[in-house]
Q: 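Sharing a structure with you now.
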Protein chains: 2
Amino acid sequence: MSCASLYAPELRARGFRMTSQRKAILHVLHHSGDHLSPAEIFERARREAPGLTYPTVYRTLEFLAKNGLAMPAHIVGKKQLAYQIAGESHHHLICRSCGSSLEVGLDALEPAIRQLEASSGYRFINSHVTLLGLCPKCQKTAG
Amino acid sequence: MSCASLYAPELRARGFRMTSQRKAILHVLHHSGDHLSPAEIFERARREAPGLTYPTVYRTLEFLAKNGLAMPAHIVGKKQLAYQIAGESHHHLICRSCGSSLEVGLDALEPAIRQLEASSGYRFINSHVTLLGLCPKCQKTAG
DNA sequence: TTCCTTATTGCAAATTTTTGCAATAAATTA
DNA sequence: TAATTTATTGCAAAAATTTGCAATAAGGAA
Ligand SMILES: [Mn+2]
Ligand SMILES: [Mn+2]
Ligand SMILES: [Zn+2]
Ligand SMILES: [Zn+2]
């Protein structure tokens with residue numbers, strides 16, 4: 001619950017408001033740390049924010065992503081777009097054949113991303129890249 | 001139309017079938033080259049495959065992605081997941097604030113990706129990375 | 001060509017996600 | 001604290017996406 005006060009100043013500084021619904025959702029994301037689907041987030045967050053509705057969950061997640069507080073990710077296997085609290089950034093390797101996935105640290109892509117920042121002018125903080133490929137097993141099985 | 005015969009052997013070799021629906025959808029993706037939404041693909045492909053339905057479009061796009069013939073991508077602004085024919089691979093830079101986007105060549109991330117292949121055992125062909133960040137304009141406006 | 005096998009499709013219904021708009025409540029000001 | 005502004009929410013309905021299952025048709029065998 002108090003973890004929401006961590007994010008409130010940042011939101012207010014940008015002219016946004018810290019509502020009970022946003023507190024609840026941030027609380028869920030913050031303490032889970034994992035990737036959660038909108039449905040999972042709805043179920044957990046409604047405990048703290050009883051009147052919570054689905055439209056609010058979807059709008060809030062999009063809002064948090066747009067403001068860099070949450071990261072959207074496609075997790076193969078789960079059909080739904082999942083969200084995760086921003087913070088310890090990392091990337092995902094997913095096998096497009098069997099769905100097996102691997103999480104890798106920033107280091108792997110960091111140098112290339114820094115270089116992209118320099119050449120493009122864009123800045124990527126907390127980037128959350130998903131690479132689709134073939135795992136070792138599936139490389140042998142087929143192609 | 002004849003472009004589908006380009007993909008047929010690959011599918012048959014894996015035990016799949018080349019249907020009129022798949023031909024039509026591959027045709028659309030192949031000749032557009034651009035990212036298309038399921039709705040756009042449905043509208044265009046139904047011209048060649050009259051009885052085409054939405055469930056088939058969705059299932060086919062997922063099928064093509066899984067088999068490396070099409071690449072899914074989240075295009076900011078458009079809410080829907082878009083698909084593009086596999087081939088000339090590239091990456092996307094998207095501003096999470098204003099939605100402006102930039103397409104960059106493989107070179108940018110290529111070295112890092114090759115290194116990831118070596119360390120993880122995964123192989124990434126036709127990778128299609130979307131980096132979410134802040135464009136130069138939006139960096140000044142806020143943060 | 002005709003006959004099989006079964007991968008793939010269409011249909012109908014369920015589920016998920018988005019949208020418009022009036023009601024609500026967070027933050028600022030007096 | 002009370003009043004004011006407007007960002008945000010809930011509700012109801014629309015739109016997009018997924019699913020189960022029986023009917024269809026692609027590809028191989030005879
Ligand atoms: Mn992640
Ligand atoms: Mn692309
Ligand atoms: Zn695999
Ligand atoms: Zn921007």
Side-chain angles (χ1 to χ4, degrees), chain A residues 1 4-5 7-26 35-43 45-46 48-67 69-70 72-83 99 142, chain B residues 1 4-5 7-26 35-43 45-46 48-67 69-70 72-83 99 142:
Chain A
M1 182 121 70
S5 63
Y7 304 105
E10 176 150 5
L11 290 188
R12 295 206 187 95
R14 301 189 194 181
F16 300 120
R17 297 172 184 179
M18 178 55 82
T19 65
S20 62
Q21 294 86 344
R22 286 178 181 169
K23 277 182 196 164
I25 290 173
L26 278 167
H35 304 86
L36 298 176
S37 70
E40 290 169 326
I41 293 166
F42 172 77
E43 286 306 335
R46 74 193 304 194
E48 306 219 3
L52 187 66
T53 62
Y54 264 106
T56 295
V57 169
Y58 282 101
R59 282 188 284 225
T60 298
L61 291 174
E62 192 176 343
F63 168 85
L64 294 177
K66 182 166 186 175
N67 288 90
L69 301 185
H74 267 293
I75 304 300
V76 173
K78 299 187 176 186
K79 293 259 172 186
Q80 299 169 296
L81 187 62
Y83 286 84
Chain B
M1 183 124 64
S5 63
Y7 305 105
E10 176 149 5
L11 290 188
R12 294 205 189 99
R14 300 189 194 181
F16 301 120
R17 297 173 185 179
M18 177 55 82
T19 65
S20 61
Q21 294 87 344
R22 288 180 180 166
K23 275 181 197 163
I25 291 173
L26 279 167
H35 304 86
L36 299 176
S37 70
E40 290 169 326
I41 293 166
F42 172 76
E43 286 306 335
R46 74 192 304 192
E48 305 221 3
L52 188 65
T53 63
Y54 265 105
T56 295
V57 170
Y58 282 102
R59 283 188 282 223
T60 299
L61 291 174
E62 192 177 341
F63 168 85
L64 294 177
K66 182 166 186 177
N67 287 92
L69 301 186
H74 267 293
I75 304 300
V76 173
K78 298 186 177 185
K79 294 259 174 187
Q80 299 168 296
L81 186 63
Y83 286 84

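The sequence lines fix the lettering, A, B, ..., with proteins before strands; numbering per chain opens at 1. Keep in mind the model is a prediction, meaning the values are calculated, not measured.
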Q: Round to the nearest Å and state the distance from A:Tyr54 atom OH to C:dT15 atom P.
A: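 Computing the A:Tyr54:OH to C:dT15:P distance gives 11 Å.
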Q: Rounded to whole Å, how long is the line connecting atom CG of A:Leu81 with atom C1' of C:dT16?
A: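 Interatomic distance, CG of A:Leu81 to C1' of C:dT16: 12 Å.
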Q: Starting at atom CD of A:Glu62, determine the distance to atom P of C:dT19, rounded to an integer number of angstrom.
A: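 Atom CD in A:Glu62 sits about 8 Å away from atom P in C:dT19.
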Q: Apply side chain to side chain donor-acceptor pair (under 3.5 Å) to A:Glu62 and list each qualifying residue two or more places apart in sequence or on a separate chain.
A: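 Applying side chain to side chain donor-acceptor pair (under 3.5 Å) to A:Glu62 gives B:Lys79.
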Q: If the condition is side chain to side chain contact (heavy atoms under 4.5 Å, CB included), which residues does B:Ser20 pass it with, not counting sequence neighbours?
A: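 So B:Ser20 forms no side chain to side chain contact (heavy atoms under 4.5 Å, CB included) with any residue.
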Q: Checking B:Ala45 now: which residues fulfil side chain to side chain contact (heavy atoms under 4.5 Å, CB included) with it, not counting sequence neighbours?
A: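 Side chain to side chain contact (heavy atoms under 4.5 Å, CB included) list for B:Ala45, sorted by chain: B:Ala24, B:Ile25, B:Val28, B:Leu52.
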Q: Looking at residues at least two apart in the chain, or sitting in another chain, which of them share a side chain to side chain donor-acceptor pair (under 3.5 Å) with A:Glu43?
A: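 A:Glu43 satisfies side chain to side chain donor-acceptor pair (under 3.5 Å) with A:Arg46 once adjacent residues are dropped.
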Q: Could you tell me the separation between the CZ atom of A:Arg12 and the C1' atom of D:dA7, rounded to a whole number of Å?
A: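 About 13 Å, once rounded to whole Å.
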Q: Can you measure from CZ (B:Phe42) to CG (B:Leu36) and round to the nearest 0.5 angstrom?
A: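 Those atoms lie 14.5 Å apart.
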Q: Mind checking what makes side chain to side chain contact (heavy atoms under 4.5 Å, CB included) contact with A:Phe63, not counting sequence neighbours?
A: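 A:Leu11, A:Phe16, A:Arg22, A:Asn67.
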Q: Separation of A:Leu61 atom CG from C:dT16 atom P, in whole Å?
A: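 Rounding to the nearest Å, CG of A:Leu61 and P of C:dT16 are 15 Å apart.
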Q: Could you write nucleotides 3-11 of chain C as a row of B, S and -, 5' to 3', where a protein heavy atom under 4.0 Å of any base atom gives B, of only sugar-phosphate atoms gives S, and otherwise -?
A: --BBBSSBB
Q: Between B:Ala39 and B:Ala8, which residue's closest nucleotide on DNA chain D lies nearer the 5′ terminus?
A: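 By nearest-heavy-atom nucleotide position, the 5'-most residue is B:Ala39.
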Q: Over how many whole Å does the gap from B:Leu11 atom CG to D:dG28 atom P extend?
A: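 The distance from CG of B:Leu11 to P of D:dG28 comes to 12 Å, rounded to the nearest Å.
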